[in-house]
*Asks:* 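Starting off with a structure, shown below.
Each ligand, and each atom within it, is numbered from 1 in the order the structure gives.
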Amino acid sequence: MDLTQRRALVTGANRGIGLAIATALANRGVHVLAAARTEARADRAAHEIGSGATGVRLSLDDPGEVRRATAAIAEEHGPIDILVNNAAILTPGSGVGVSVEELSESMNINVLSAYATIHAIAPAMKARGWGRIVNLSSGWGSFDEGLSGPVAYSVTKAALNAVTLALAPALGPEVKINSACPGWVRTRMGGLGATLSPEQGADTPVWLATLPDDGPTGGFFRRRTLIEW
Ligand code: NDP
């Protein structure tokens, strides 16, 4: 597929899996808008990714503001064809040891801000007849695997999966939206003992971000294979 005419927005592109996804897309000729919480982090990421990347500031703390800021990014840099909702936080804690405020913060960053970027961008993708949206989820957000992670993390990743599934019928088939579990990856979130490099963790998200027209939508994938919700 000729990706050189495509523009991608990757959230949390300044480190970890997001940086690896942004780099892989740029290496395939996509123009990458590398989003990070501050302008300095975004610019550093774009510099690291190299030619074909532009840094953009996108803090995900306030979903209403995220919608406005994402629309402004598309207005300034041009239509976005590929959206990768990668950024997230992992708040530790099990059971009701997690406060309402902590769950609310995770909902804002991991779910509502991801929804806000989709809300800002997907209608234009639909109007242009092409789009790829990837939501970075986790096995810990899978009902099938027991929602077995820290509570705020599992609940929000399950909710993000629900966003994927609920939006797919109205967006498809031209605009494909899928969830990806990257596996256990050596990042600040995954820790040093994790089994996969960031580049390996980026493989399934990048595959979903560049799916051909007959590719799947509304699914949850790990190692490029469909898994249960
Ligand atoms: P990291 O913790 O290494 O990186 C998280 C990224 O999200 C950083 O760029 C961080 O920015 C950004 N971010 C967090 N909060 C905000 C915010 N409020 N506004 C803007 N940016 C924010 O995570 P990983 O790279 O490991 O994870 C990437 C994705 O993969 C996540 O969705 C995660 O849940 C998922 N995942 C990861 C696994 C793993 O083993 N690593 C396993 C399963 C899923 P900053 O540098 O400014 O903090």
Side-chain angles (χ1 to χ4, degrees), residues 9-24 32-46 48-49 53 55-67 69-70 73 83-92 101-102 104-117 133-142 145 147-161 163-164 178-206 208-209 220-223 227:
L9 177 66
V10 181
T11 67
N14 56 305
R15 61 183 168 96
I17 299 168
L19 179 60
I21 292 170
T23 304
V32 173
L33 302 176
R37 195 195 297 263
T38 66
E39 207 171 306
R41 285 178 197 186
D43 288 347
R44 219 176 303 131
E48 203 169 322
I49 295 161
V56 294
R57 182 180 171 273
L58 189 59
S59 165
L60 301 174
D61 294 327
D62 174 353
E65 176 56 22
V66 171
R67 200 210 165 282
T70 306
I73 289 168
L83 169 64
V84 182
N85 278 312
N86 163 78
I89 58 167
L90 191 163
T91 303
E101 290 74 19
E102 285 171 325
S104 175
E105 184 191 26
S106 289
M107 283 301 286
N108 277 342
I109 296 169
N110 297 359
V111 185
L112 299 179
S113 286
Y115 181 74
T117 63
I133 301 170
V134 185
N135 291 326
L136 266 283
S137 183
S138 164
W140 277 346
S142 163
E145 295 177 21
L147 296 172
S148 53
V151 165
Y153 189 74
S154 288
V155 167
T156 55
K157 291 300 186 182
L160 184 62
N161 280 347
V163 169
T164 298
N178 290 290
S179 285
C181 169
W184 187 26
V185 183
R186 286 186 296 278
T187 63
R188 212 175 290 172
M189 184 184 289
L192 290 176
T195 48
L196 302 176
S197 68
E199 291 69 30
Q200 290 170 315
D203 179 72
T204 294
V206 169
L208 291 170
F220 187 15
F221 294 87
R222 181 193 283 141
R223 287 192 291 272
I227 61 173

*Asks:* Donor-acceptor pair, distance only, cut-off 3.5 Å: does the side chain of E105 make one with the backbone of E102?
*Replies:* no
*Asks:* Excluding sequence neighbours, so at least two apart, what forms side chain to side chain contact (heavy atoms under 4.5 Å, CB included) with A158?
*Replies:* F143, L147
*Asks:* Kindly tell me which protein residues have any non-hydrogen atom under 4.0 angstrom away from an atom of ligand 1, grouped by chain and ordered by number?
*Replies:* G12, N14, R15, G16, I17, R37, R41, L58, S59, L60, D61, N86, A87, A88, I89, I109, L136, S137, S138, Y153, K157, P182, G183, W184, V185, T187, R188, M189, G190
*Asks:* Nearest 0.5 Å, please: how far is OG in S138 from CD in E145?
*Replies:*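 That separation rounds to 8.0 Å.
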*Asks:* Can you list the residues that meet the salt bridge (charged side-chain N to carboxylate O under 4.0 Å, His left out) rule with E65, with sequence neighbours excluded?
*Replies:* R68
*Asks:* Listed by chain and number, what are the side chain to side chain contact (heavy atoms under 4.5 Å, CB included) partners of N110, not counting sequence neighbours?
*Replies:*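 Expected list: A88, I89, S106, Y153, T156.
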*Asks:* Does the S154 side chain pair with the main chain of W140, one donor and one acceptor, at a distance under 3.5 Å?
*Replies:*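 Judged by distance alone, yes, a pair lies under 3.5 Å.
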